[in-house]
Amino acid sequence: MSVVPISHSKAVLSTIPSDIRNMPECYPFGEMVYASLEQWADMSKQTLKAVRHQADRGDLPIKQARRGAKRYVKLMTIYMDERYSAMRYLAREH
């Protein structure tokens, strides 16, 4: 999965906050913590319409400042959820 660069004006939203330490080397999104719906559609190889529908249904973790504002996908939440699921699966196998 390739990381889509985010524009300079959204640099604050795209970088890992300074209070997060010891990020795992396997974190797949580089320094991105949030991605716009458009970026997530590109990263996940889905249509923008499909991603918007997932966000509307609550299937994606979304950050939104206020109603009607631009929505961002929480990449860290997706990563942590998948990592936790994998750890539970591996623990069940042994």
Side-chain angles (χ1 to χ4, degrees):
M1 177 183 304
S2 62
V3 175
V4 179
I6 195 163
S7 70
H8 180 67
S9 63
K10 295 184 178 60
V12 173
L13 291 173
S14 69
T15 59
I16 297 173
S18 60
D19 62 337
I20 297 176
R21 302 284 185 241
N22 302 322
M23 283 295 296
E25 291 181 16
C26 60
Y27 182 69
F29 305 114
E31 292 189 353
M32 292 179 67
V33 176
Y34 303 108
S36 67
L37 297 184
E38 295 83 4
Q39 288 175 317
W40 182 248
D42 287 341
M43 293 166 69
S44 61
K45 308 245 187 287
Q46 300 180 70
T47 64
L48 180 56
K49 183 177 179 179
V51 170
R52 283 184 179 147
H53 189 64
Q54 292 168 4
D56 292 344
R57 285 192 323 245
D59 294 339
L60 285 175
I62 297 295
K63 173 187 169 101
Q64 186 175 21
R66 64 188 181 292
R67 185 177 173 95
K70 188 166 183 168
R71 298 181 287 181
Y72 295 91
V73 178
K74 297 178 181 178
L75 301 176
M76 180 67 74
T77 304
I78 291 172
Y79 167 76
M80 294 303 291
D81 184 52
E82 292 301 319
R83 183 174 174 166
Y84 177 70
S85 295
M87 289 170 62
R88 280 192 355 231
Y89 176 79
L90 292 173
R92 190 179 62 190
E93 290 294 313
H94 299 294

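Because only heavy atoms are used, hydrogens play no part in the values below, and waters and symmetry mates are left out as well, while side chains stay in.
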Can you measure from [atom1] ([X]) to [atom2] ([Y]) and round to the nearest 0.5 angstrom?
| X | Y | atom1 | atom2 | result |
| --- | --- | --- | --- | --- |
| Asp42 | Thr47 | CG | OG1 | 11.0 Å |
| Tyr27 | Met32 | OH | CE | 8.0 Å |
| Gln54 | Ile62 | CD | CD1 | 9.0 Å |

Any chance you could lay out the side-chain contact (heavy atoms from CB on, under 4.5 Å) test for Met76 and Phe29, step after step, and finish with the verdict?
-> CA-CA 8 Å; Met76 180 67 74; Phe29 305 114; over 6 Å; no
Nearest atoms (heavy-atom pairs only) where Val51 meets Ser44 =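 Smallest heavy-atom distance, with atoms named: CG2-OG, 4.4 Å.
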Starting from the C-alpha separation in whole Å, work towards a yes-or-no answer on side-chain contact (heavy atoms from CB on, under 4.5 Å) for Val33 and Tyr72.
-> CA-CA 9 Å; Val33 176; Tyr72 295 91; over 6 Å; no
Is Asp81 paired with Lys74 through a side-chain N to carboxylate O contact shorter than 4.0 Å?
-> no
Is there side-chain contact between His53 and Gln46, with at least one heavy-atom pair below 4.5 Å?
-> no
When you measure from the side chain of Gln64 to the backbone N and O of Arg71, does any donor-acceptor pair fall under 3.5 Å?
-> no
